[in-house]
2 protein chains.
Amino acid sequence: MFGERGCILTTEPEGQHGGEPLRAKRSRRKRRSVTVSTVAKAAGVSRAAVSFAYNAPEQISADTRSRILQVAETLGYSPDPIARLLNTRHTDAVGLLMVEPIEAAFADPFTTAFVRGMGRMCDQHGLALTLLPPRLGSSVRTIQTAIVDGIITLGLTPESPFLSALKRRHLPLVVVDGAPSTTWHSVLVDDEGGAYAAAAHLAALGHRHVAIIAFDSPPEDPHRYSRDVTYVTAQRLAGYHRGLAIAGERTEIEQIESHSDIASGQAAMSQLLERAGTTPTAVLAMSDAIALGAMRACDQHGLRVPNDISIIGFDNIPEAALATPPLTTVSQPIAEKATRAMRLMLQLMESPDPLPFEQIMLPTTLIIRESTAPPKGDLRHAGK
Amino acid sequence: MFGERGCILTTEPEGQHGGEPLRAKRSRRKRRSVTVSTVAKAAGVSRAAVSFAYNAPEQISADTRSRILQVAETLGYSPDPIARLLNTRHTDAVGLLMVEPIEAAFADPFTTAFVRGMGRMCDQHGLALTLLPPRLGSSVRTIQTAIVDGIITLGLTPESPFLSALKRRHLPLVVVDGAPSTTWHSVLVDDEGGAYAAAAHLAALGHRHVAIIAFDSPPEDPHRYSRDVTYVTAQRLAGYHRGLAIAGERTEIEQIESHSDIASGQAAMSQLLERAGTTPTAVLAMSDAIALGAMRACDQHGLRVPNDISIIGFDNIPEAALATPPLTTVSQPIAEKATRAMRLMLQLMESPDPLPFEQIMLPTTLIIRESTAPPKGDLRHAGK
DNA sequence: CTGAAAGCGCTTACAG
DNA sequence: CTGAAAGCGCTTACAG
């Protein structure tokens, strides 16, 4: 019925709306056709009166008001939100500053979960939510031009030039998964503790050769790309090493990097498995998305989880419990992280004065499911 | 290490930034401390010069420019994006108008997939993506106040008062999953055809008692709530009935409604199963999210899919193929739907003149996996 | 290459 | 309850 590319029907625009351009060419100056003045004139009142009709009904008689609204209706007028912005100074939108493109970010269900959490608060307070990806590679320009009432950053380590650009905007700012600080509001989870618990679990099971699949650095800041590492990554790495260390010096640790999505995790794990040398008996993945991908790679390579290899994720996204086998992971309260950040944001938006900087740290917990077991041939646990 | 509610450290704001409010109280008029004038004065140039330094480097000597930027830097100045908006008239953001709250919308992976598709185009063109949920229950106010360069609606049947509010904004508008029209740009998939294929598949397998789990009406417009039905729902319903009809008049059809997420689908299916009377031998779910939930409900009630009951979804989200058993479903090109809508949007944003209204219709295809089989005890297919 | 001026479309004290 | 006026902070022809 339809060709490969779908079918397109085209209709010429009709008379009524056909005459006026829907939007002027980017470069050309455009005048609005009908403004407050038009309406005021037509209704025989002052411009203030029509403004009052919309924003301060109590300042005006009900009759006048309805007459004005009536005239506006027939003229097809509604107040230009951009113009009013200059006075009211609030956009009724909060921005989520991301470290990577939207498409890449939403490849990890973590992002969806976080946005849902923010969304709940936005919905309650009648706010829009603006996704702010790096504009053409850099976040600086994004920060400078974002039309929002406040910014929540996710995964951004607020180093210069970001922090200075952010501060310059004099906008409420909450830094999630950035770094703790005494000069901005931060929301974090106990990444180190969670990673520790995961690694200690592996060590206790008897694993002595484990691979860590860490986050690759976000490409968002070309200067930092694959040079150093975000705070969260560093914390988890520290936790992993501390946990593995309880088995003594004997543990062999290798580390590779992956973007946090299933396909990348799968690719990274495949590469690891195809590498010369012995295969690790367990892997610590920095996200469930990566872990899920790693499980697929194992499957493809004929390795059974957890019999041949153990895998632990991080996040506890809904998909983790549903995987086959169900994934052992470090649970973090994703939605709560988002709502706490939003709560802070709402306070900042209301408050005329600066608030004491809060550092919120939420707990993480290891959830042991079925993707982890003692290493094959480990006699100490053979009975288990 | 941490209490149930996490731990909060509080720091007093420091001197440097502590003095000035991050944001003025909503109601109070706020003046910016440092504006073009401040910078112009400090640099000994005109205000136009400092504007040129940012927007038209070629209009000004390189020396002057760097001096101005230097002064701006030390003054902590950057141009107010809101003020410049009134002149430039573009926000560099496109809006996604949703029919339900953000949290509810993202409960269906379909939404994530669609946003990723839009995001890809936004990323390429340096645009932000503003999620526009109904503001306090109604989309009209959202439409009136959205600060965006164009609006893509998803799932909204553009009836008054929405359409008139939308037209009044004179913004580029693309209606996805709304309804075809000759007065707006629309992007749809062949819902009727896809639904038909799904139902015909069931009929051919021998099912004569099927349940349809349809979308409930979005609560977004109180007047339409649970009274009538969106175009997409109507189309799929029509396709289902046409497909089922190939088996003759004998087929018993029942219909229930559900929000499009796993939990709701599960609840709806449970209710159906716990109802008095005979259980249908197959179910047609309007989304994979609902179908996945229905599968869980069957599992809970001791029904095996597809042996005891067949289930077909709609969308072909990534999760569908991974389910146990893999879900038979109607595949629609979610990402392409989004990118086509964005492509149209970008054209509209560039074009000074109105473009002929396009109706884009993308194909759907039935993907037969393992959640469908002949009904139990159906002799005609017993050998299969 | 620069400066004084007008203007973007609205809101909001202020005086009636 | 209303009207004339100032102003939000910037950009952009225009004349030098």
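Below, chains carry the letters A, B, ... as their sequence lines are ordered, and counting in each starts from 1.
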Counting only side-chain N and O atoms of B/Asn55, is one of them less than 4.0 Å from OP1 or OP2 of D/dT11? yes
Quick one: B/Asp80 CG to D/dC8 P, roughly how many Å, whole number? 12 Å
Is any side-chain heavy atom of A/Cys122 closer than 4.5 Å to a side-chain heavy atom of A/Met342? yes
May I have the distance from A/Lys41 (atom NZ) to C/dG9 (atom P), rounded to whole angstrom? 14 Å
Which part of the nucleic acid, if any, lies within contact of B/Ala49, taking any heavy atom under 4.0 Å across all strands shown: a base, the sugar-phosphate backbone alone, or nothing? nothing
For the residue pair B/Leu97 and B/Ile143, establish whether any side-chain heavy-atom pair is separated by less than 4.5 Å. yes
Heavy-atom side-chain contact between B/Val174 and B/Thr153 under 4.5 Å: no
Would you say that B/Pro134 contacts B/Ser139 through its side chain, given a criterion of any heavy-atom pair below 4.5 Å between the two side chains? yes
Can you tell me if the side-chain N/O atoms of A/Ser51 get under 4.0 Å from OP1 or OP2 in C/dT11? yes
Pick the P atom in D/dC10 and in D/dC14, then give their distance to the nearest Å. 24 Å
Quick one: B/Ile82 CD1 to D/dG7 C1', roughly how many Å, whole number? 16 Å
Given atom CG of B/Leu85 and atom P of D/dC10, what is their separation to the nearest angstrom? 13 Å
Could you state the CZ-P distance from B/Arg47 to D/dT12, rounded to the nearest angstrom? 14 Å
DNA chain C in dot-bracket form (Watson-Crick or G-U pairs under 3.5 Å, [ ] crossing, | inter-strand) is |||.||||||||.|||
Hey, are B/Asp80 and A/Arg89 close enough for a salt bridge, meaning a charged N less than 4.0 Å from a carboxylate O? yes
Can you measure A/Ile60 atom CD1 to C/dT12 atom C1' for me and round it to whole angstrom units? 14 Å
Measure CZ/A/Phe52 against P/D/dT2 and give the value in whole Å, please. 9 Å
So, do B/Phe106 and A/Thr111 sit near enough that their side-chain heavy atoms are less than 4.5 Å apart? no
Do B/Ile147 and B/Leu85 come close enough that some side-chain heavy atom pair is under 4.5 Å? yes
Presence of A/Ser46 side-chain N/O under 4.0 Å of D/dG3 phosphate oxygens OP1/OP2: yes
Using OP1 and OP2 only, check whether a side-chain N or O of A/Arg84 sits under 4.0 Å from C/dG9. no
Without decimals, in angstroms, what is the distance between B/Arg169 CZ and C/dC10 P? 11 Å
Proximity to DNA chain D (any heavy atom under 4.0 Å), residues of residues 62-73 of chain B only: none
hbond_proxy B/Asn87 side chain to D/dC10 base (donor-acceptor, 3.5 Å cutoff): yes
Expected list for residues 67-78 of chain B: side-chain donor-acceptor pairs under 3.5 angstrom, two or more places apart:
residue: B/Arg67; atom: NH1; partner: B/Ala43; partner atom: O; Å: 2.6
residue: B/Glu73; atom: OE2; partner: A/Arg168; partner atom: NH2; Å: 3.4
residue: B/Thr74; atom: OG1; partner: B/Val71; partner atom: O; Å: 2.9

Which nucleotide sits closest to the side chain of A/Arg89: C/dG9, D/dG9, C/dT2? D/dG9
Find out whether A/Met98 and A/Leu154 are in side-chain contact, i.e. whether some heavy atom of one side chain is under 4.5 Å from a heavy atom of the other. no
Pairing donors with acceptors under 3.5 angstrom, does anything connect the side chains of B/Thr145 and A/Arg84? no
Under 4.0 Å from OP1 or OP2 of D/dG9: is there any side-chain N or O of B/Tyr54 that close? no
